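Contents: one structure, followed by commentary.
For clarity, every value in this text was computed on a predicted model and none was experimentally measured.
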Amino acid sequence: MMISLRILVLVLAASFACGQMTFSVRDYGAKGNGKTDDGPSIAKAFDAARGNTSVIAFEKGVYRIAETLSPPPRGRSPLQRFSFFLSGMTNCTVRGNGAKLVVTDPQMGVFRFEDCSNVTVKDLVIDYDPLPYTQGTIVDISKEQATFDLEVDDGYRTPDELTNSLSKGTGSVIIHPDGRFVGGQIGRFRCRAWSNISGRVWRGYLGAGTWWNANQVDNPLNNPLLAKGGRFWYMAASWGSIFEFRQCSDVTVQSVTAYAGHFFLGMTRGARLTVRDCTVDRLPGSTRLISTFDGMHVASQTRGPITVENSRFDWIQDDPINCHSDGQFIADAVDERTLIVRSQYSNLFQRGDTIEIVNAGVGKKGTATVGDLRFEQTNRWPPLIYTLHLERGVSGIIAQSKETNVSKADFIYNLSACGSPLIVRSNYIAHSFRTLPHTEGAVIEWNTYVSNQSSYAVTMHTDKPQAYPVLEGPQSRNIVIRNNTFIGSMIALASWTEGYDVHDIIVTNNVFSGSAQTVFRCSRGKYLLFADNRIVVPSGGAAGGPYSFLTFNGGSVVVVSNVTVKGSNASLASVIRLTNMGDTDIVINGIRLDDASVPVIENR
């Protein structure tokens with residue numbers, strides 16, 4: 001009796017350690033046998049844990065999740081379906097212990113946390129069956145008819161099995177017969193329709209307006225990488241992230257592996273996120289072309305620090321890491337110190353925030369501090385009204401109206417809520433599009449970037465307002481890129497309008513190797529330092545003809561110092577190419593080359 005009592009005391013002590021109660025999903029009926037629909041049982045464990053300082057624990061096994069278990073929150077789109085909606089939780093840990101969750105609805109996300117704080121998710125594996133995409137080989141192309149024929153791989157769903165979601169797909173990936181991979185916006189387009197030709201061969205119908213970017217109206221078949229014999233991957237439309245955190249703070253995602261999904265992770269209007277020791281990659285031993293559509297997006301007025309470290313992001317269709325704030329258009333300017341912003345989102349501004357007012361035509365108009373604000377809800381769309389009272393006025397505000405479209409109206413970036421500081425450290429990032437630090441400050445260090453094509457590894461710019469404004473920004477500034485290895489990939493920065501430049505960028509102690517291409521491309525940046533970097537030149541020429549390692553088109557106050565270039569090839573035209581640069585705009589010294597015949601500077 002005494003022994004049994006002692007065991008009971010130990011169990012209770014473990015369950016209440018550090019004030020946390022443990023809720024095992026097995027205690028609520030989950031089997032983990034890979035066959036039973038364990039979703040309802042897991043949901044019961046989460047429901048029991050609500051309002052508690054709690055640990056939701058899995059035992060190692062395979063847990064199938066077969067249906068949407070909770071309706072979207074009130075007012076949310078019915079497309080925003082997740083397996084588990086968790087709200088109002090504090091001091092919550094989801095401990096996977098190596099469990100694998102297999103989601104059987106390809107258009108459903110997995111975890112959505114809302115208004116939670118001090119959340120940790122660790123030691124989980126996530127996969128989908130069936131997968132949320134199709135893939136195959138391009139067997140025929142007709143530019144005249146704007147069609148291409150796709151032979152779907154065995155084991156992958158055909159377009160009719162994806163219902164109408166495939167025609168509204170979010171993106172595609174092309175792998176040329178020579179192995180070149182292209183994703184991101186370059187390879188992204190939608191099909192108007194599909195029809196079955198024979199067996200597993202399906203015809204995709206393209207044409208004007210089928211690019212993901214509506215302003216690119218050319219036939220996607222003009223893309224030279226879309227070729228007969230190439231491989232093709234196409235994702236069904238979905239709102240579902242594996243992890244979505246809305247208005248959450250102090251979140252840690254650790255030792256999680258994702259083999260498929262739309263987004264790996266999204267955070268909006270939150271604060272303080274750490275992603276550590278995670279893997280987003282194709283399932284080992286599988287024939288999958290891609291892992292997920294996107295890696296992680298930290299967006300919509302999220303406050304830093306944001307830390308991503310010791311993780312692997314591989315074979316991702318678009319951005320492995322994207323950190324930004326969403327621009328908000330000014331609906332009205334009562335006077336120079338009182339601005340009205342309408343939005344569907346709460347928690348966009350706080351007292352004391354520093355905001356930046358920008359116009360697509362003239363660039364930055366000014367910065368100001370929010371001294372006071374008023375928030376109200378209306379029956380109009382968008383329903384939320386922010387009245388911002390600034391400590392210092394900004395003159396010449398152009399509000400959005402029926403007469404003033406989005407390309408002419410002023411908009412606001414919240415510099416206090418753009419994910420700064422962003423720390424990207426000791427990650428392996430490969431076969432993906434780019435890291436986007438749209439922040440007030442970032443350190444990108446000790447990472448390895450790999451591509452099998454001439455590809456952007458880190459891109460610094462902000463979105464230009466279009467007919468449908470995304471406005472990912474603000475313009476990158478105070479970015480340090482150091483001690484990284486770039487293999488077949490480059491750094492690029494660009495300013496879309498004069499007066500709103502990328503600025504204060506330091507690129508130092510990096511190694512660039514693996515392809516004959518530009519490694520640093522700058523269009524109208526200022527206060528730039530490229531120093532103590534090493535460039536290893538591959539043998540053979542460049543596919544695109546003559547090139548320079550560093551290119552500068554416009555800009556000011558640029559220093560290039562102590563650059564070592566090892567090796568040479570016939571396509572290398574110069575180390576540095578200058579276009580539209582004045583004599584006092586750039587300082588160059590300490591360039592060391594193996595091939596003395598290669599010019600250091602080429603002016604255009």
With salt bridge (charged side-chain N to carboxylate O under 4.0 Å, His left out) as the rule and sequence neighbours excluded, what pairs involving residues 295-313 come up? Arg276-Glu309, Asp281-Arg312, Arg303-Asp353, Glu309-Arg425, Arg312-Asp314
Apply side chain to side chain contact (heavy atoms under 4.5 Å, CB included) to Pro305 and list each qualifying residue two or more places apart in sequence or on a separate chain. Arg272, Pro421
Residue pairs passing the side chain to side chain donor-acceptor pair (under 3.5 Å) test where at least one lies in residues 550-559, sequence neighbours excluded: Asn553-Asn580
Side chain to side chain donor-acceptor pair (under 3.5 Å) partners of Ser395, counting only residues at least two apart: none
List the residues meeting side chain to side chain contact (heavy atoms under 4.5 Å, CB included) with Leu529, not counting sequence neighbours, and say none if there are none. Ile506, Ala531, Val559
Pair listing, ring-ring contact (aromatic ring centres under 6.0 Å, His included) test, anchored in residues 347-379, at least two apart: Phe349-Tyr386, Phe375-Tyr386
Mind checking what makes ring pair (Phe, Tyr, Trp, His ring centres under 6.0 Å) contact with Tyr449, not counting sequence neighbours? Phe486
Under a 3.5 Å distance rule, please check whether Asn510 uses its side chain to pair with a backbone N or O of Asn484 as donor and acceptor. yes
Residues in salt bridge (Lys or Arg N to Asp or Glu O under 4.0 Å) with Glu356, at least two apart? Lys364, Arg477
What pairs with Arg482 under side chain to side chain donor-acceptor pair (under 3.5 Å), at least two apart in sequence or on another chain? Glu445
Residue list, ring pair (Phe, Tyr, Trp, His ring centres under 6.0 Å) with Phe520, at least two apart or on another chain: Phe530, Phe552
Determine whether more than 12 heavy atoms belonging to other residues, nucleotides or ligands lie under 6.0 Å from atom OH of Tyr28. yes
Residues two or more places apart in sequence or in another chain: which of them pass side chain to side chain contact (heavy atoms under 4.5 Å, CB included) with Thr459? Arg434, Leu436, Tyr456, His461
Restricting to side chain to side chain contact (heavy atoms under 4.5 Å, CB included), what partner residues turn up for Arg392, sequence neighbours left out? Thr367
